[in-house]
Novice: 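I am attaching a structure below and will ask some questions about it afterwards.
Quick caveat, the model's predicted, so the values are computed rather than measured. In the text below, chain A, chain B and the rest are named by the order of the sequence lines, each starting its count at 1. What you see below is based on every heavy atom in this structure, not just the backbone, and it leaves out hydrogens, waters and symmetry mates.
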Amino acid sequence: MVSSFSKRAIEIIKRVPFGKVATYGQIATYSGNSRGARQVVRLLNSSSEKENLPWYRIVNSKGNISLKHGNGYELQKSLLEKEKIEFGKNDKIDFNKYLWKPLG
DNA sequence: CAACTGACGATAG
DNA sequence: CCTATCGCCAGTT
(Lines give C-alpha, C1' and ligand atoms only; values in the text may rest on other atoms or scores of the structure.)
Protein backbone atom coordinates (compact mmCIF):
# COMPACT_ATOMS: atom_id res chain seq x y z
CA MET A 1 0.00 0.00 0.00
CA VAL A 2 1.18 3.44 -0.78
CA SER A 3 -0.36 5.29 2.14
CA SER A 4 1.42 8.37 0.95
CA PHE A 5 -0.13 11.38 2.49
CA SER A 6 0.58 13.44 -0.59
CA LYS A 7 -1.06 11.06 -3.03
CA ARG A 8 -4.12 10.73 -0.90
CA ALA A 9 -4.37 14.44 -0.39
CA ILE A 10 -4.27 14.99 -4.12
CA GLU A 11 -7.04 12.47 -4.65
CA ILE A 12 -9.13 14.14 -2.00
CA ILE A 13 -8.59 17.61 -3.35
CA LYS A 14 -9.80 16.36 -6.69
CA ARG A 15 -12.98 15.18 -5.03
CA VAL A 16 -14.00 18.58 -3.79
CA PRO A 17 -17.13 19.18 -5.88
CA PHE A 18 -18.23 22.16 -7.85
CA GLY A 19 -19.74 24.83 -5.68
CA LYS A 20 -18.04 23.68 -2.51
CA VAL A 21 -14.88 24.56 -0.65
CA ALA A 22 -12.66 22.65 1.74
CA THR A 23 -10.12 23.76 4.30
CA TYR A 24 -6.46 22.84 4.40
CA GLY A 25 -7.02 21.08 7.68
CA GLN A 26 -9.90 19.11 6.21
CA ILE A 27 -7.83 17.80 3.35
CA ALA A 28 -5.08 16.94 5.77
CA THR A 29 -7.42 15.15 8.13
CA TYR A 30 -9.11 13.13 5.42
CA SER A 31 -5.70 12.27 4.05
CA GLY A 32 -4.74 10.70 7.32
CA ASN A 33 -2.83 13.47 9.02
CA SER A 34 -4.82 16.16 10.75
CA ARG A 35 -1.68 18.24 11.09
CA GLY A 36 -0.69 18.11 7.48
CA ALA A 37 -2.28 21.37 6.46
CA ARG A 38 1.07 22.72 5.38
CA GLN A 39 1.72 19.78 3.13
CA VAL A 40 -1.55 20.57 1.44
CA VAL A 41 -0.16 24.01 0.75
CA ARG A 42 2.92 22.44 -0.78
CA LEU A 43 0.82 20.22 -2.97
CA LEU A 44 -1.26 23.09 -4.22
CA ASN A 45 1.88 24.94 -5.12
CA SER A 46 3.70 22.02 -6.68
CA SER A 47 0.93 19.94 -8.19
CA SER A 48 -2.05 22.17 -8.84
CA GLU A 49 -1.24 22.37 -12.51
CA LYS A 50 0.21 18.92 -13.00
CA GLU A 51 -2.68 17.18 -11.33
CA ASN A 52 -5.17 19.76 -12.48
CA LEU A 53 -6.32 20.39 -8.93
CA PRO A 54 -9.16 22.73 -8.00
CA TRP A 55 -6.77 24.70 -5.83
CA TYR A 56 -9.15 27.62 -5.61
CA ARG A 57 -11.63 25.49 -3.66
CA ILE A 58 -9.25 25.33 -0.75
CA VAL A 59 -9.55 28.05 1.88
CA ASN A 60 -8.37 28.49 5.44
CA SER A 61 -10.27 27.50 8.56
CA LYS A 62 -11.91 30.89 8.85
CA GLY A 63 -13.57 30.61 5.50
CA ASN A 64 -11.32 33.19 3.90
CA ILE A 65 -9.00 33.08 0.96
CA SER A 66 -5.44 32.78 2.11
CA LEU A 67 -3.75 34.39 -0.83
CA LYS A 68 -2.68 38.00 -0.71
CA HIS A 69 -4.37 40.75 -2.63
CA GLY A 70 -2.67 41.23 -5.92
CA ASN A 71 -1.25 37.76 -5.71
CA GLY A 72 -4.07 35.45 -6.61
CA TYR A 73 -6.64 36.58 -4.14
CA GLU A 74 -8.92 38.19 -6.65
CA LEU A 75 -8.44 35.35 -9.07
CA GLN A 76 -9.45 32.75 -6.54
CA LYS A 77 -12.40 34.78 -5.44
CA SER A 78 -13.70 35.18 -8.95
CA LEU A 79 -13.27 31.50 -9.66
CA LEU A 80 -15.29 30.62 -6.59
CA GLU A 81 -17.97 33.12 -7.45
CA LYS A 82 -18.30 31.40 -10.80
CA GLU A 83 -19.24 28.32 -8.87
CA LYS A 84 -22.06 30.22 -7.22
CA ILE A 85 -20.19 30.52 -3.97
CA GLU A 86 -21.05 33.70 -2.12
CA PHE A 87 -18.75 35.82 -0.04
CA GLY A 88 -20.02 37.45 3.10
CA LYS A 89 -19.13 40.59 4.94
CA ASN A 90 -15.42 40.06 5.31
CA ASP A 91 -15.03 38.14 2.06
CA LYS A 92 -15.83 35.20 4.23
CA ILE A 93 -17.44 32.04 2.96
CA ASP A 94 -20.39 30.59 4.83
CA PHE A 95 -19.31 27.10 5.77
CA ASN A 96 -22.87 26.12 6.58
CA LYS A 97 -23.63 26.44 2.91
CA TYR A 98 -20.39 25.83 1.11
CA LEU A 99 -18.13 23.64 3.20
CA TRP A 100 -17.61 20.33 1.51
CA LYS A 101 -18.56 17.24 3.45
CA PRO A 102 -17.18 13.96 2.10
CA LEU A 103 -20.35 12.13 3.04
CA GLY A 104 -22.98 14.36 1.67
C1' DC B 1 22.68 16.15 6.88
C1' DA B 2 20.95 20.82 8.86
C1' DA B 3 18.31 24.67 7.80
C1' DC B 4 14.62 26.74 5.41
C1' DT B 5 9.99 27.14 3.59
C1' DG B 6 4.90 27.43 3.31
C1' DA B 7 -2.15 29.66 0.34
C1' DC B 8 -2.16 26.38 8.09
C1' DG B 9 -4.08 25.86 12.79
C1' DA B 10 -4.49 26.13 17.68
C1' DT B 11 -3.44 28.69 21.65
C1' DA B 12 -2.10 32.48 24.69
C1' DG B 13 -2.16 37.24 25.95
C1' DC C 1 -10.89 41.11 17.92
C1' DC C 2 -5.86 41.15 16.95
C1' DT C 3 -1.01 39.99 17.12
C1' DA C 4 2.53 36.80 18.49
C1' DT C 5 4.25 32.25 18.89
C1' DC C 6 4.63 27.42 18.60
C1' DG C 7 3.76 22.97 16.53
C1' DC C 8 3.45 20.04 12.36
C1' DC C 9 5.17 17.75 8.07
C1' DA C 10 7.31 16.93 3.68
C1' DG C 11 9.79 18.73 -0.05
C1' DT C 12 13.98 21.95 -1.18
C1' DT C 13 18.30 24.07 -0.82
Novice: A:Gly25 near the nucleic acid: base, sugar-phosphate alone, or nothing, with a heavy-atom cut-off under 4.0 Å?
Specialist: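 If one applies the 4.0 Å heavy-atom cut-off, A:Gly25 turns out to touch the sugar-phosphate alone, with no base involved.
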Novice: So A:Ser6, base contact, sugar-phosphate only, or nothing? Heavy-atom distance under 4.0 Å.
Specialist: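 A:Ser6: backbone/sugar contact only, no base atoms under 4.0 Å.
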Novice: Does a side-chain N or O of A:Ser66 approach OP1 or OP2 of B:dC8 to a distance below 4.0 Å, or not?
Specialist: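 Result: yes.
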Novice: Does A:Lys62, at its NZ atom, have more than 12 non-hydrogen atoms belonging to other residues, nucleotides or ligands within less than 6.0 Å?
Specialist: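 12 or below, so no.
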Novice: Rounded to whole Å, how long is the line connecting atom CD of A:Gln26 with atom P of B:dA10?
Specialist: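 Those two atoms, CD and P, are 12 Å apart.
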Novice: Looking at A:Lys20 and A:Glu83, is any side-chain nitrogen of the basic one under 4.0 Å from a carboxylate oxygen of the acidic one?
Specialist: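 Result for this pair is no, no salt bridge flagged.
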Novice: A:Ser61 side chain N/O closer than 4.0 Å to the phosphate oxygens (OP1, OP2) of B:dC8?
Specialist: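 No, because none of the side-chain N or O atoms of A:Ser61 sits under 4.0 Å from OP1 or OP2 of B:dC8.
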Novice: Taking the six-membered ring of A:Phe87 as reference, does the cationic atom of A:Lys77 (NZ for Lys, CZ for Arg) lie under 6.0 Å from its centre and within 45° of its axis?
Specialist: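 Yes, a cation-pi geometry holds between A:Lys77 and A:Phe87.
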Novice: Considering heavy-atom distances to DNA chain B, does A:Arg38 or A:Arg42 have its closest nucleotide positioned more toward the 5' end?
Specialist: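 Nearer the 5' end of the strand: A:Arg42.
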Novice: For A:Asn64 and B:dC8, what is the distance between atoms CG and P respectively, to the nearest whole Å?
Specialist: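 Distance check: A:Asn64 CG to B:dC8 P gives 11 Å.
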Novice: C:dA10 P sits how many Å from A:Ile10 CD1, rounded?
Specialist: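 Between P of C:dA10 and CD1 of A:Ile10: 14 Å.
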Novice: What's the verdict on side chain to side chain contact (heavy atoms under 4.5 Å, CB included) for A:Leu80 and A:Val21, showing C-alpha distance, side-chain angles and the deciding distance?
Specialist: CA-CA 9 Å; A:Leu80 290 175; A:Val21 296; 4.0 Å; yes
Novice: Could you tell me how far apart A:Gln39 (CD) and B:dT5 (P) are, to the nearest whole angstrom?
Specialist: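 One finds 16 Å between P of B:dT5 and CD of A:Gln39, rounded.
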Novice: In whole angstrom, what separates A:Leu80's CG from B:dA7's C1'?
Specialist: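 Roughly 13 Å, once rounded to whole Å.
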Novice: Between A:Arg35 and A:Lys62, just flag the one whose closest nucleotide in DNA chain C comes earlier from the 5' side.
Specialist: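 Nearest nucleotide further toward 5': that of A:Lys62.
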Novice: Rounded off to whole Å, could you give me the OH-to-P distance for the A:Tyr30 and B:dG9 pair?
Specialist: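 After rounding, the reported distance stands at 13 Å.
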Novice: Rounded to the nearest Å, what distance is computed from the NZ atom of residue A:Lys68 to the C1' atom of nucleotide B:dA7?
Specialist: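 The distance from NZ of A:Lys68 to C1' of B:dA7 comes to 9 Å, rounded to the nearest Å.
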Novice: Within this structure, what is the CG-to-P distance between A:Asn45 and B:dG6, rounded to whole angstrom?
Specialist: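 Atom CG in A:Asn45 sits about 9 Å away from atom P in B:dG6.
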Novice: Look at the side chain of A:Asn60 and the backbone N and O of A:Tyr24, then say whether any donor-acceptor pair between them is shorter than 3.5 Å.
Specialist: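 Judged by distance alone, no pair lies under 3.5 Å.
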Novice: Would you say B:dA7 has OP1 or OP2 under 4.0 Å from some side-chain N or O of A:Asn60?
Specialist: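 For A:Asn60, the contact criterion (side-chain N or O under 4.0 Å from OP1 or OP2 of B:dA7) is not met.
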Novice: Would one find a side-chain N or O of A:Ser46 under 4.0 angstrom from OP1 or OP2 of C:dG11?
Specialist: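 So the side chain of A:Ser46 is outside the cut-off, no N or O lying under 4.0 Å from OP1 or OP2 of C:dG11.
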